[in-house]
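Taking it in order: structure first as structure tokens, then the write-up.
Numbers restart at 1 for each chain; the letters A, B, ... are given by sequence-line order, proteins then strands. If you're wondering where the values come from, they're calculated on a predicted model, not measured in any experiment.
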Amino acid sequence: MTLEQGIFILASLLMLGSALAMVTARSMFVAALWMIGTFAGVAVLFILLNAGFLGIVQILIYIGAIAVLILFAIMLTPDVMGLKPGPRYTGQWPLAAVMASTLAAVIVLLLVRAGNDWHIADAAPNVTDFAVQLGEAFMTTYLLPFEVASGVLLVALIGALVIVRDE
Amino acid sequence: MQQLDRLFILIGDWFHSLLAQWLPEPVVSAIGMLLSALIIMTIAAVTMLYMTYLERKVVARIQDRIGPNRVGPFGLLQPLADGIKMFTKEMIVPTQAHKVVYNIAPVLAVTPAMMAFAVIPFGRDMVASDLDIGLLYLIAVSSVTEIAIVMGGWASRNKYSLLGGMRAAAQMLSYEIPMVLVLLSLVLMVGSLRLSDFVDVQTVPFILLQPFAFIVFLISAAAEVARSPFDIPEAESELIAGYHTEYGGMRFALFQMAEFVAALGMACIMVTLFLGGWRSWIIPLPSWLWFVIKTFILINVWFWFRGTFPRLRIDQLQALAWKFLVPASLLHAIMTAVLVTFFPLVKDGQLVVQGAEWLTTTVVYFVANVVLLFVLMLLYRPYVRRTVRQLRVATPAAAARQQEVQAA
Amino acid sequence: MREYAVLGAFLLVGIVLPAAVVIGGWLLGPKRANPVKNSTYECGLETVGETWIQFKVQYYVYALIFVIFDIEVVYLYPWAVAYNRLGLFALVEALIFAGILVAGLFYAWRKGALAWF
Amino acid sequence: MSSIPLNWYLIVAALLFCIGLFGALSRRSAIGILMGIELMLNAVNINLVAFWRYVEVDGLAGQMFAIVVITVAAAEAAVALALVRALYRSRDTVTVEEIDLLKW
């Protein structure tokens with residue numbers, strides 16, 4: 001086993017373990033903290049995939065922004081400490097569990113059977129100065145996503161502000 | 001001189017070759033990485049201890065006092081005494097607290113502050129990790145601290161802690177935006193996110209080219225690391241001690257340490273981005289020594305702030321961030337983008353400004369910054385006047401008084 | 001890859017070092033807990049009521065605007081890095097991008113969402 | 001060539017997706033559902049980047065797609081949490097079972 005594989009396994013265990021802890025935690029706040037653990041694991045996977053830029057963006061956006069937003073939203077709800085009695089799950093949770101585990105089993109089985117039968121390229125992607133490549137791509141091929149993104153963000157901002165304000 | 005400049009690199013190489021005699025190469029480089037991390041963090045921790053001493057001395061001088069002078073000569077052993085005291089104190093965990101989160105929070109507060117040092121070039125070729133997206137990494141790491149603070153505030157189960165934690169997080173995230181936008185204009189000039197490239201380009205330090213950016217960054221950085229006048233998160237008079245009210249002993253020390261180390265890290269970042277990093281000014285000293293000197297100057301600027309400014313109120317603080325700094329830094333970035341098209345510093349990864357051209361470039365950028373500052377002042381004059389007028393009649397009592405005055 | 005390995009080393013040491021300090025302090029310090037000492041501090045008085053306090057929605061509003069502007073970073077930083085290789089076209093595009101977001105900021109300002117009451 | 005087969009990434013992503021799915025389907029709290037959805041989006045991103053790394057070599061489509069997904073995820077979280085807050089204000093609860101105004 002190489003070092004790379006070891007890191008991959010550790011990061012995956014961290015990620016999946018945190019994800020499991022997240023969906024089973026009683027307190028919403030603790031669940032959000034586990035979610036941050038999952039995001040960190042995903043960031044490590046991105047870095048292992050030679051996508052260091054995305055790994056850092058994952059930390060910046062998911063951990064630094066979205067997780068904080070969720071924590072703030074939890075603070076606005078009652079039962080911040082997660083002490084109120086009552087079930088964590090809705091009545092349909094056994095059904096959900098069966099569905100999710102069936103789906104997982106099917107996909108994993110298919111993937112294992114497919115083995116390494118992918119059109120895998122021989123070389124690793126050329127990632128020197130990735131940010132520059134990305135910037136040039138934004139101004140040429142991917143100009144539309146670049147401009148649409150600002151529109152999406154504007155709509156989200158205005159929509160959320162309209163909904164959330166106490167008038 | 002050459003030898004002295006490369007002192008630490010030579011020691012590192014010597015150590016590396018020493019280990020390589022017995023151990024295989026991957027193990028040696030792993031040990032090297034861990035050791036460099038350990039050494040840099042230890043230096044940061046010791047510097048942090050003496051920053052507390054220096055702060056007390058400097059603030060004492062500003063307030064016409066002497067400051068710590070009992071333990072050791074000039075009180076130089078005071079921080080050690082404080083450290084030992086913290087270390088041997090009883091560790092109390094409130095019964096009501098969420099034990100696990102309560103214990104993890106202080107550790108997680110220190111980690112991101114320490115991790116910032118990984119990409120800072122301390123001297124010529126002296127950088128632990130010359131990441132090609134170093135600047136983005138710094139921003140990402142500094143935004144993780146908020147979570148540790150919210151965790152600490154929440155786990156204590158104390159109203160003041162929770163409130164302090166939320167306020168701290170709100171303040172930090174508000175000031176992250178102007179900081180990021182103002183760095184955008186530097187990135188436009190340099191065309192890279194690698195911190196060593198920033199140092200390479202700065203034949204003339206960017207503080208002269210972009211003074212406005214430096215001021216905005218200084219303000220946002222002070223807020224980001226909760227130095228006064230932005231120390232609302234731990235405003236004693238309003239929130240007892242903010243998010244670390246319930247913490248004592250070593251855990252409290254870790255929160256303090258996180259704050260001081262973050263301030264130190266910010267000073268290092270500012271030196272790298274605005275003061276030319278390890279480049280020597282006039283006197284040819286070793287590059288790392290110049291870095292230390294510049295950092296020392298900036299740290300004293302923090303202490304000078306602490307001794308001089310009163311604390312801002314939270315509404316004023318948020319208004320400053322969103323209503324002034326964000327639009328101003330955006331305007332600044334746009335202005336820089338226009339300037340860069342006519343007076344580029346870097347083209348296709350190559351520095352294009354040579355010799356005497358630096359003079360014209362510097363003057364152009366400096367004048368543009370000053371003009372921007374004046375334009376902003378003109379734009380904001382009516383707004384500021386209106387706000388001041390509103391503040392005068394803010395309370396009902398004051399409004400009644402004003403009506404009385406007008407009637408009479 | 002080496003650059004990221006160094007970051008991993010920093011992460012490892014950055015967690016182990018403070019954790020060791022906390023454990024060391026716990027080992028060295030006295031351990032004489034009692035109920036009064038372990039009660040919530042809060043100004044030295046008994047805690048009144050639930051810990052939970054109704055937070056203003058304003059905290060959420062700031063976090064919201066912050067998220068929107070933080071994502072802008074992901075788009076604008078690559079643009080800024082590549083800027084000296086691109087032409088005036090890039091400036092115009094980024095101006096449109098930033099302009100749309102500034103419109104959002106000014107909408108929030110006009111609606112009073114930036115004020116802290 | 002990396003020592004990690006593409007399969008490993010796909011399996012891990014699938015598992016993460018299913019855990020997120022379970023969270024989204026079973027949680028009572030609306031915020032819990034939202035967090036489950038965030039996990040699912042992350043799983044999708046792992047797949048996108050893994051395929052970019054192993055299959056698409058001279059292109060940026062995989063990463064670009066991941067960035068767009070992150071953007072949309074953030075926008076979605078912002079609006080959804082605003083909705084949760086509005087629901088809490090009008091109905092005094094964030095539990096999805098009790099939000100049944102449309103169930104007649």
Side-chain angles (χ1 to χ4, degrees), chain A residues 3-4 7 40 44 47-48 50 52-57 60-61 64-66 68-81 83 124 129-140 142-143 145-158 160-162 164-167, chain C residues 1 3-5 7-8 11 50-87 89-94 96-105 107-114 117:
Chain A
L3 184 68
E4 216 179 344
I7 294 171
V44 176
I47 290 169
L48 280 179
N50 281 25
F53 180 82
L54 267 187
I56 302 292
V57 165
L60 179 72
I61 301 294
I66 296 182
V68 173
L69 189 75
I70 290 177
L71 287 181
F72 273 45
I74 292 169
M75 294 292 186
L76 294 176
T77 60
D79 193 25
V80 168
M81 303 303 288
L83 294 174
D129 259 337
F130 185 75
V132 178
Q133 287 181 28
L134 201 65
E136 282 174 349
F138 269 138
M139 284 300 125
T140 50
Y142 298 100
L143 190 61
F146 182 80
E147 295 298 344
V148 167
S150 68
V152 169
L153 294 177
L154 176 71
V155 171
L157 177 64
I158 292 179
L161 276 182
V162 168
V164 83
R165 292 278 294 159
D166 301 320
E167 306 290 5
Chain C
M1 233 35 201
E3 265 71 41
Y4 291 100
L7 298 188
L11 180 65
E50 266 278 318
T51 311
W52 180 67
I53 28 177
Q54 172 79 58
F55 276 109
K56 284 147 122 24
V57 73
Q58 198 57 39
Y59 284 103
Y60 181 74
V61 171
Y62 284 133
L64 174 69
I65 307 175
F66 162 74
V67 169
I68 301 297
F69 273 84
D70 212 27
I71 292 172
E72 189 189 14
V73 171
V74 179
Y75 289 89
L76 284 183
Y77 268 55
W79 164 77
V81 173
Y83 185 70
N84 61 41
R85 291 150 206 265
L86 304 160
F89 176 69
L91 179 61
V92 176
E93 291 301 331
I96 297 172
F97 185 90
I100 292 174
L101 276 166
V102 169
L105 184 70
Y107 173 83
W109 191 339
R110 302 291 314 180
K111 281 274 165 184
L114 298 182
F117 288 115

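- In terms of non-hydrogen atom pairs under 4.5 Å with chain A, the most contact-rich of C:Ile68, C:Val61, C:Val81 is C:Ile68.
- No other option in C:Leu105, C:Leu76, C:Val74 has as many heavy-atom pairs under 4.5 Å with chain A as C:Val74.
- Aromatic ring centres of A:Phe72 and C:Tyr60: separated by at least 6.0 Å.
- Between the CH2 atom in C:Trp79 and the CD atom in C:Glu72 there is a gap of 10.0 Å [rounded to 0.5 Å].
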Test side-chain contact (heavy atoms from CB on, under 4.5 Å) applied to C:Tyr77 and A:Leu134, step by step: CA-CA 10 Å; C:Tyr77 268 55; A:Leu134 201 65; over 6 Å; no
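- For the set A:Ile61, A:Leu69, A:Leu154, the entry with the most heavy-atom pairs within less than 4.5 Å of chain C is A:Leu69.
- Proximity to chain A involves both the backbone and the side chain of C:Tyr59, based on heavy atoms less than 4.5 angstrom apart.
- Neither the backbone nor the side chain of A:Val68 comes within less than 4.5 Å of any heavy atom in chain C.
- Residues A:Phe138 and A:Leu143 fail the side-chain proximity criterion, which asks for heavy atoms closer than 4.5 Å.
- Residue A:Phe146 touches chain C through both its backbone and its side chain, counting heavy-atom pairs closer than 4.5 Å.
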Stepwise side-chain contact (heavy atoms from CB on, under 4.5 Å) check, C:Tyr75 with C:Ile71: CA-CA 7 Å; C:Tyr75 289 89; C:Ile71 292 172; 4.0 Å; yes
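- Residues A:Leu161 and C:Lys111 form no side-chain contact, since every pair of their non-hydrogen atoms from C-beta on lies 4.5 Å or further apart.
- Heavy-atom distances place the side chain of C:Tyr4, and not its backbone, under 4.5 Å from chain A.
- Rounding to the nearest 0.5 Å gives a distance of 10.0 Å between CZ of C:Arg85 and CD of A:Gln133.
- Heavy atoms closer than 4.5 Å to chain A are found in the side chain of C:Leu86, but not in its backbone.
- Heavy atoms closer than 4.5 Å to chain C are found nowhere in A:Leu71, neither backbone nor side chain.
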